[in-house]
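All ligand and atom numbering here is 1-based and tracks the order in the structure. Just so it is clear, the structure is predicted and the values come from calculations on it, not from any experiment.
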Amino acid sequence: MNSFMLIVFLLFFIVGTISVLSYIVYNEQKLELKALTEQELEESYVVEPQGKSGENTPINNQGIYINYFLKKNGDVVVGDEFNPEMRSLILDKVKGWSPEGIQVKYVTFSVGNQQEVHFLIAAKHVLNSGGGTGTLYIGKDVSYLWSMFQWLLAVLLGMLLLFVGIAIGIGQIMTRRAMKPIVHSYQLQREFLADASHELRTPISILKSGLEVMDMGENNQLSSFSSDLLVDLQKEAKSAAKLVDDLMLLARTDSGAQPLFYETFDFYSLAEQVVRSIQNVTPPSQIQLNLLSDRSLHFYGDLERMKQLLYILLNNAVQYTQPGGKVTLDYFLEEESQATKLCITVTDTGIGMEPEHLESIFRRFYRVDKNRSRESGGTGIGLAIAKWIVEAHQGDIEVESTPGVGSTFTIYLPLT
Ligand code: ADP
């Protein structure tokens, strides 16, 4: 970023320097030419009537290269120049030019061997001593300035490249240095995540099975308060166990220790199984859960992870949809740039999300409405895992959502 800023600043600097310099040099040359024209008119240039032009003294000093006096009808009365070849070219350039006072014009043209010539030409209407009117043109070859500017530009651009190279190099070294403690603390965090979830797993499993035993054995003898408490504790232990499982999975994906077990399976059977098991815990009177496609489709991927992916998306859809709403799972094949993809959509008519959240919901622990999410047992990990599963299968996941209308999660998976 810093290197990029430096490039932009240097470019501005170069453009600024060249523009200011060329403006100054151009004006200075213009003034000089105007002064010479005035001087020429006042002192040295005595124009004789037509026919005596040979008596004029050609002026070729002080960088003046052309020096014409034209009569009104366009005939050259007096003229001298270093390079007579240029006369017709220059006359061509000033044709139809009717200057007011002393005017200066910048012209370019090619001579002989295609060499580009840059000229400043000053012009002024004058009365000659013969009584007629004409225009005096005095020109100056500024090609040497032009090529000097080209060289200057080349040198500045060369320096820009050099400085950018140095800046990028130094930037890389500095970034690596600055990143060291960040990488280290990130590493520590990952290790902590892995260790903590591993350490929590055993006591939570013991707690969970202990509560199940209590539930089976002593339920009848417990007071109604204690039995309510037992139900609550079981629920909490279950979500704690799920959280620990999710955290462990994330820790393994971070360290690259979570392999995928590829196999070919029928996607329809999987979708049907997941929909059925969610339907079992979601009364149809509350939310209508549908599987649209009934097409048998062979998919090559990790069966367990794909099941987890569908669970996460359908569970979220059910959780964030009010009673009476609708959740739909669909899948179909899509041709995209000569590759066939499996496209899975999970659509709900739920609460939806504001656009500013859509980028972040796939981040770990991100929840749009923390209170609501906590009430429904959400931890903000589900979609982070979903994204990892999709990307581990070289796919993409996208979301579209409208607050109060619903959300659609779309997954594209390549068929390998
Ligand atoms: P959680 O466990 O909190 O549901 P997720 O990672 O699965 O965590 O989702 C992150 C957040 O995205 C949720 O807290 C919720 O605010 C939002 N979200 C996910 N799915 C939906 C959906 N279908 N409709 C509305 N909001 C959703």
Practice problem: Under the side-chain hydrogen bond (donor to acceptor under 3.5 Å, both in side chains) rule, collect the residues that match up with Lys387, sequence neighbours excluded. | Solution: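 For Lys387 the side-chain hydrogen bond (donor to acceptor under 3.5 Å, both in side chains) partners, ignoring immediate neighbours, are Glu391.
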
Taking only heavy atoms of [X] into account, list the atoms of ligand 1 that are under 4.0 Å away from them.
X	value
Gly382	5 (P), 6 (O), 7 (O)
Tyr366	10 (C), 11 (C)
Phe409	20 (N), 23 (N)
Ile381	6 (O), 8 (O)
Val368	14 (O), 16 (O), 17 (C)

Scan side-chain atoms only and decide if [X] and [Y] contain a donor-acceptor pair under the 3.5 Å cut-off.
X	Y	result
Glu116	Ser110	no
Arg276	Gln279	no
Trp97	Gln103	yes

Quiz item: Between Phe265 and Met306, what is the shortest heavy-atom contact and its length?
Solution: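 Scanning both residues, the minimum pair turns out to be CZ-CG, 3.8 Å.
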
Using a plain distance cutoff, I'd like to know if [X] has any nitrogen or oxygen under 3.5 Å from a nitrogen or oxygen of ligand 1.
X	answer
Asn316	yes
Gly380	yes
Ile312	no
Leu383	yes

Quiz item: Taking 4.0 angstrom as the limit, do Lys34 and Glu38 come out as a salt bridge?
Solution: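 Looking at Lys34 and Glu38, the cut-off is not met.
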
Would you give me the side-chain donor-acceptor pairs under 3.5 Å for residues 147-162, sequence neighbours excluded?
{"residue": "Ser147", "atom": "OG", "partner": "Ser143", "partner atom": "O", "Å": "3.4"}
{"residue": "Ser147", "atom": "OG", "partner": "Tyr144", "partner atom": "O", "Å": "3.1"}

Quiz item: Of the backbone atoms (N, CA, C, O) and the side-chain heavy atoms from C-beta on, which set of Thr321 has a member under 4.0 Å from an atom of ligand 1: side chain, backbone, both, or neither?
Solution: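 Under 4.0 Å from ligand 1, Thr321 contributes no heavy atoms.
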
Exercise. Between Arg367 and ligand 1, find which residue part has any heavy-atom pair under 4.0 Å and reply side chain, backbone, both or neither.
Key: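 The part of Arg367 near ligand 1 is both the backbone and the side chain.
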
Self-check item: Expected output: side-chain Arg190 to main-chain Asp254 donor-acceptor under 3.5 Å
Solution: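 Yes.
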
